[in-house]
Asker: 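Sharing a structure here in structure tokens format.
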Amino acid sequence: MNYGDYYRQYDPVPFYQERGWLIGDGRIGGKAKGLSFAHFVLERNGLLDDVHLPDCSFVITTSVFNEFMEQNNLWERLMDLREHSDAPELYRICGEAALPPSLSEPLEKILDEIEVPISVRSSSTLEDDVNLSFAGKYATRFVANSGSREERRAELEAAIKIVYASTYNPAAREYKRKHGIKWGGERMAVLLQPIAGRRYGRMYYPELAGAAFSQVFRRPSPRIRKEDGVARVCFGLGTRTVDRSYARTFYLTNPNLRPEGTKPHEIVTHSQENYDYVDLDEQSFASQHIACSVKDILKRHKMAQSYMQWFADNSFHWIHSDTQNMSAPRPIFSFAELPGRCPKFFTRLKKLLALFEKELQLPVDMEFAYEAGDDLFTLVQLRPLSVYDDKGRVLIPDTPPEKTILRGDRMVANGRLEGTKHIVFVDPEIYGKKADFSEIAYAVGDINDKLDGERYILVGPGRWGSSNPLLGVPVRYNELSNAGCLVELGIPQKGMAPELSYGTHFFLDLDGDNILYLPVFDGAKGNVYNREWFDSHKWNDTTHPAVRHYEGLFDVLLDGDTETGIVIDKTPEDGE
């Protein structure tokens, strides 16, 4: 049997038909298939009491999507948008369109059955494929499902249309183009589930949420076993585990290991401080800083001491400590005691990842919610994991300092990119001086388009692709899709640090496209950020002064065994 054939042949439809959750007679798409397969595995192994699934999971199949497109003449109108990146216009067109009448009665049934907030998830026929994940390319919306019946219905309809529109958003279009998928061949199903969580006044959220992966393709240490898996965990809705926000990474070989470092300032720099929830009064997705709700969290969650601490005077303190004698105490989600206080959680993660990988006959990733106080684990998503192509050991040659452009010593996986002719550089001295973050991302995207067919080196400060531009350049997939290596610069004096966020949608794209990754920490021992090289070599101007384009001949060599990566200038000197 060929790679992935077993999962491809699995029929997920009966799971939804038997429960009356199937809407339409089309296909159910990738996310819906994964959840059905998870139920099949859990039931066969007697684990449905230990691992919960959402109480209901309605699927609006692709036949309804086809009706929506046809009755609103959207096939023709969206064809006009395919060469453009006008996402607002795309969403406006779909938002003003009407949903098919065939959906009216099923939506009333969903509102009758689900009384808590609802997650409205994409489930494209291309999504979560064995080879291409499309992770993060399409929309997920959280519907508060509060207010009058009319308000609940309107909010639900609007969310479905946003998911439909996301079928053609710029990131999805570029992902398809890069991987040779014909325009217009995709169809969108929609998965609707009650959000796993609880109500706390106007707030609704799970205590903890996260994503877990059965294989670790980028390890911070050779001591970490690739097959033991890794998880990213946050407090509140799981949005912060899949985008490049702060969340805690646990390597399941040793959950106490911290890839960001063990010094207090390193831990604080990479710790979660904001959390996400559904605001039932405002009927919206919302965020809050931990400092605004320490007392409330301690009152609501008896296991809070396992994931919260005070930071003061360059040290950590028990969250129930008296803060009167502390200097500027700062609460953070450090998750310091979670492995010790919730061992069942980590045992369950390892067991499930190994079981699903065995049953799927592929590496897997899953998303979950967890109520630590009750040891209640809810699985909300399962899919095949895109596999990083490790090319084997790479030896780093002795390189003169003047030829060493960049060098790093953390989170390095084996890889090489030799003979590339371009470096695209975002200057940390200019980035952040003005609030023109999007313009910088657009300038990078403009060069990315021009270098189609080239594999270039992309270099810049902080964590790229973050939803918070103060942390790094807020590029989307379509703005760096042609890169061959991404180098993230840590600039301590600017408070910008790479985020070794294996498992986010951003890193899944890097793995799936075999884009090399190298974090470099300016000033750290064993790291080189050769600012003199960037200032002394000629560059081509771009549409923004912060973005430089260098031409020459460059090699990237990454040795995962010694945790060493280097970017070398191989451009011949004049006369050579």
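Just so it is clear, the values below take in all heavy atoms, side chains as well, and ignore hydrogens, waters and symmetry mates. Residues: numbered from 1 along the sequence shown. Quick caveat, the model's predicted, so the values are computed rather than measured.
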Asker: Strictly distance-based, threshold 3.5 Å: is any side-chain N or O of T542 a donor or acceptor partner for the main-chain N or O of V547?
Answerer: yes

Asker: If we ignore hydrogens and angles and just use 3.5 Å, is the side chain of Y431 paired with the main-chain N or O of A546 as donor and acceptor?
Answerer: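 No, because the side chain of Y431 does not come within donor-acceptor range (under 3.5 Å) of the backbone of A546.
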
Asker: Determine whether T543 and D446 satisfy the following criterion, side-chain hydrogen bond (donor to acceptor under 3.5 Å, both in side chains), listing intermediate values before the conclusion.
Answerer: CA-CA 8 Å; T543 58; D446 183 58; 4.7 Å; no

Asker: Does the D436 side chain pair with the main chain of E439, one donor and one acceptor, at a distance under 3.5 Å?
Answerer: no

Asker: What about W533 and Y550, are their ring centers closer than 6.0 Å?
Answerer: yes

Asker: Please check this pair: side chain of E479 against backbone of S481, looking for a donor-acceptor N/O pair closer than 3.5 Å.
Answerer: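 Not a single qualifying donor-acceptor pair exists.
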
Asker: Roughly how far apart are I297 CD1 and M308 CE, rounded to 0.5 Å?
Answerer: 4.5 Å

Asker: Does S166 reach the main-chain N or O of A139 with its side chain, forming a donor-acceptor pair under 3.5 Å?
Answerer: yes

Asker: With the side chain counted from C-beta on, respond yes when Y307 and Q272 share a heavy-atom pair under 4.5 Å apart, and no when they do not.
Answerer: no

Asker: Which atom names give the shortest non-hydrogen contact between V163 and S122, and what distance separates them?
Answerer: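 For V163 versus S122, the nearest heavy atoms are CG1-CA, 3.6 Å.
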
Asker: Could you pull out the closest heavy-atom pair between L406 and L489, with the gap in Å?
Answerer: CD2-CD2, 3.7 Å

Asker: Looking only at the aromatic ring of each residue, does the gap between the centers of Y205 and F142 stay below 6.0 angstrom?
Answerer: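 No.
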
Asker: Without swapping roles, check the side chain of Y204 against the backbone of I195 for a donor-acceptor pair under 3.5 Å.
Answerer: yes

Asker: Quick one: do R416 and D559 satisfy salt bridge (charged side-chain N to carboxylate O under 4.0 Å, His left out)? Show the steps, please.
Answerer: CA-CA 9 Å; R416 62 172 72 236; D559 180 3; over 6 Å; no

Asker: I need the minimum non-hydrogen distance between D409 and K525, along with the two atoms involved.
Answerer: OD2-O, 3.3 Å

Asker: Between P401 and E532, is there a side-chain heavy-atom distance shorter than 4.5 Å?
Answerer: no

Asker: Would you indicate whether the side-chain heavy atoms of T239 and F285 approach each other to under 4.5 Å?
Answerer: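 They are in side-chain contact.
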
Asker: Keeping the roles fixed (side chain from W310, backbone from R330), state whether a donor-acceptor pair exists under 3.5 Å.
Answerer: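 Pair absent, no side-chain N/O of W310 close to backbone of R330.
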
Asker: Could you check whether any side-chain N or O of R248 sits under 3.5 Å from a backbone N or O of F335, counting only pairs where one atom can act as donor and the other as acceptor?
Answerer: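 Yes, R248 side chain to F335 backbone: donor-acceptor pair under 3.5 Å.
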
Asker: What is the minimum heavy-atom distance between E367 and R383, and which atoms define it?
Answerer: OE2-NH2, 4.1 Å

Asker: For the backbone of L252 and the side chain of D228, can you confirm whether one donor and one acceptor N or O come within less than 3.5 Å of each other?
Answerer: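 Judged by distance alone, no pair lies under 3.5 Å.
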
Asker: Please name the pair of heavy atoms, one in I491 and one in P461, separated by the smallest distance, quoted to 0.1 Å.
Answerer: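 Nearest heavy atoms, I491 then P461: CG1-CB, 4.4 Å.
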
Asker: Taking side chain as C-beta onward, heavy atoms only, is F534 less than 4.5 Å from W539?
Answerer: no

Asker: Kindly indicate whether the side chain of R121, heavy atoms from C-beta on, has any atom under 4.5 Å from the side chain of Q381.
Answerer: yes

Asker: Are the side chains of H270 and I332 in touch, meaning some heavy atoms are under 4.5 Å apart?
Answerer: no

Asker: How close do L90 and A165 get, counting heavy atoms only, and between which atoms?
Answerer: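 Answer, listing the atom of L90 first, then A165: CD2-O, 3.3 Å.
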
Asker: So, do R240 and N274 sit near enough that their side-chain heavy atoms are less than 4.5 Å apart?
Answerer: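 Of all side-chain heavy-atom pairs linking N274 with R240, at least one is under 4.5 Å.
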
Asker: Give, for atom CZ of F316 and atom CD of Q309, the distance between the pair rounded to the nearest 0.5 Å.
Answerer: 6.0 Å

Asker: Do Q288 and Y275 have side chains that get closer than 4.5 Å, going by heavy atoms?
Answerer: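 Side chain of Q288 against side chain of Y275, heavy atoms only: contact under 4.5 Å found.
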
Asker: Are the side chain of N448 and the backbone N or O of N482 linked by a donor-acceptor pair below 3.5 Å?
Answerer: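 A pair under 3.5 Å: yes.
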
Asker: Is it the case that R410 places NZ or CZ above or below the six-membered ring of F521, under 6.0 angstrom from the centre and within 45 degrees of the axis?
Answerer: yes

